[in-house]
Amino acid sequence: MAHQAGGRWPAPRSVPESREDQAYLQDCATLLDAVAFPSLVVDHRWNVVMANGAFETLFRGVRPHPTALPGDNFLRFVLFHPDAGDILGEHEAGWCLPMLAHFRTALERYGHDHELQAVRRDIAQDAIMEAAYRQGLPHWIRVVGEAGTRLDGAVRLLLHPDPRRGPTECRIVDETPPTLAEIGLTRLTMVLRDPAVTRRPRRPRGGGAHLSVVPATED
């Protein structure tokens, strides 16, 4: 059932207060329930306001984490959770760098937002992530172009926990209607394609700490 990050995931921090907006979000939750693909609604900080059962199924095997659960803040999950690469295939180029690009845009637009500033501090405290943000991200954008940072229409790899799917491409579709946008929220759906023919190896848990886009320092 679509929910507002309830259950084992912390409650959202950005939910409109008016009755009209609340009623609208309730209907959005009903709509999410009817969707077979993973779908979620986030605010500009990537706090998850609601997500459906398919989203929960995709991330059901994620281990506990104090700040980076996928149903709490999807940005933090992509950047900081050690299990992210076990589900988000081609994690660096397909998910991490695009999310860093979106984070940079959000920080430029909402520079005084305390939650975004907290994410920036956490990036700075991780030497590899800081190098990716300062050095790797500008280089990557020069290579792929600004179009490579767009969410809507992007095709990404998922390592689905359902063995019938396994490595599966998804197309991210931005389904944000004007009313939801006015509230300051975005709805994204991961439209799953047929399972990938070539099975890509999973990254070992906790492995691969170095981002390849950042040149490795020599000892």
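Side-chain atoms of Pro38 and Glu56, non-hydrogen and from C-beta on, never get closer than 4.5 Å to each other. The closest side-chain heavy-atom distance from Leu188 to Thr186 is below 4.5 Å. With a 4.5 Å cut-off on side-chain heavy atoms, Val49 and Val42 do not count as touching. Between Leu32 and Arg187 there is a side-chain heavy-atom pair separated by less than 4.5 Å. Under the 4.5 Å side-chain criterion, counting only non-hydrogen atoms from C-beta, Val48 is not in contact with Asn73. Using a 4.5 Å cut-off on side-chain heavy atoms (C-beta onward), Glu169 and Leu158 make no contact. Side chains of Asp21 and Thr179 form no contact here, defined as non-hydrogen atoms less than 4.5 Å apart. Counting heavy atoms from C-beta outward, Leu180 and Tyr24 have side chains that approach closer than 4.5 Å.
Between Met190 and Phe74, the shortest heavy-atom distance links the atoms CE-CZ, 3.9 Å. Pro98 approaches Glu92 most closely through the heavy-atom pair CD-O, 4.1 Å. Across all their heavy atoms, Phe55 and Leu40 have their closest contact at CE1-CD1, 3.8 Å.
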Problem set entry | Residues Leu100, Ile123; criterion side-chain contact (heavy atoms from CB on, under 4.5 Å); working and verdict | CA-CA 10 Å; Leu100 281 174; Ile123 290 173; 3.9 Å; yes

For this session: Start with the C-alpha gap between Arg193 and Thr168, add the side-chain angles, then the distance that decides, and say whether side-chain hydrogen bond (donor to acceptor under 3.5 Å, both in side chains) holds.
Result: CA-CA 6 Å; Arg193 295 175 159 186; Thr168 304; over 6 Å; no

Exercise. Checking side-chain contact (heavy atoms from CB on, under 4.5 Å) for the pair Leu88/Val78: CA distance, chi angles, key distance, verdict?
Worked result: CA-CA 8 Å; Leu88 307 177; Val78 173; 3.7 Å; yes

Exercise. Do Thr105 and His102 pass the side-chain contact (heavy atoms from CB on, under 4.5 Å) test, and can you show the C-alpha distance, the side-chain angles, and the key distance before you say yes or no?
Worked result: CA-CA 5 Å; Thr105 299; His102 286 283; 5.6 Å; no

For this session: Using the salt bridge (charged side-chain N to carboxylate O under 4.0 Å, His left out) rule, take Asp194 and Arg165 through it: C-alpha gap first, then chi angles, then the decisive distance, then the call.
Result: CA-CA 8 Å; Asp194 291 334; Arg165 289 194 174 276; over 6 Å; no

For this session: Starting from the C-alpha separation in whole Å, work towards a yes-or-no answer on side-chain contact (heavy atoms from CB on, under 4.5 Å) for Arg76 and Asp122.
Result: CA-CA 10 Å; Arg76 283 186 170 276; Asp122 287 346; 2.7 Å; yes

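The aromatic rings of His44 and Tyr110 sit tilted, their planes meeting at an angle between 30° and 60°.
The hydrophobic clustering, which links ILVMFWY residues whose side-chain heavy atoms are closer than 4.5 Å, places Phe103 and Val144 together.
In summary, the aromatic rings of Phe59 and Phe77 are positioned with their centroids under 6.0 Å apart.
Rounded to the nearest 0.5 angstrom, Leu192 CG and Thr189 OG1 are separated by 10.5 Å. Here the straight-line distance linking atom OH of Tyr133 with atom CG of Leu79 works out to 10.5 Å at 0.5 Å rounding. Rounded to the nearest 0.5 angstrom, Asp113 CG and Leu107 CG are separated by 8.5 Å. For the atom pair Ile172 CD1 and Ser39 OG, the distance stands at 11.5 Å (nearest 0.5 Å). In this structure, Met99 CE and His91 NE2 are separated by 9.5 Å, a value rounded to the nearest 0.5 Å. Rounding to the nearest 0.5 Å gives a distance of 9.5 Å between CG of Asn47 and CG of Leu75.
For CD of Glu108, the number of neighbouring non-hydrogen atoms (other residues, nucleotides, ligands) closer than 6.0 Å is greater than 12.
The cationic atom of Arg156 (NZ for Lys, CZ for Arg) lies less than 6.0 Å from the six-membered ring centre of Trp95 and within 45° of the ring axis.
A salt bridge links Glu130 with Arg120: at least one charged nitrogen is closer than 4.0 Å to a carboxylate oxygen.
With Asp83 contributing its side chain and Arg63 its backbone, the two residues share a donor-acceptor pair below 3.5 Å.
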Scan the side chains in residues 145-155 for donor-acceptor partners under 3.5 Å anywhere in the protein, sequence neighbours excluded, and list what turns up.
unit_1	atom_1	unit_2	atom_2	d
Thr149	OG1	Glu146	O	2.7
Asp152	OD1	Asp174	N	2.8

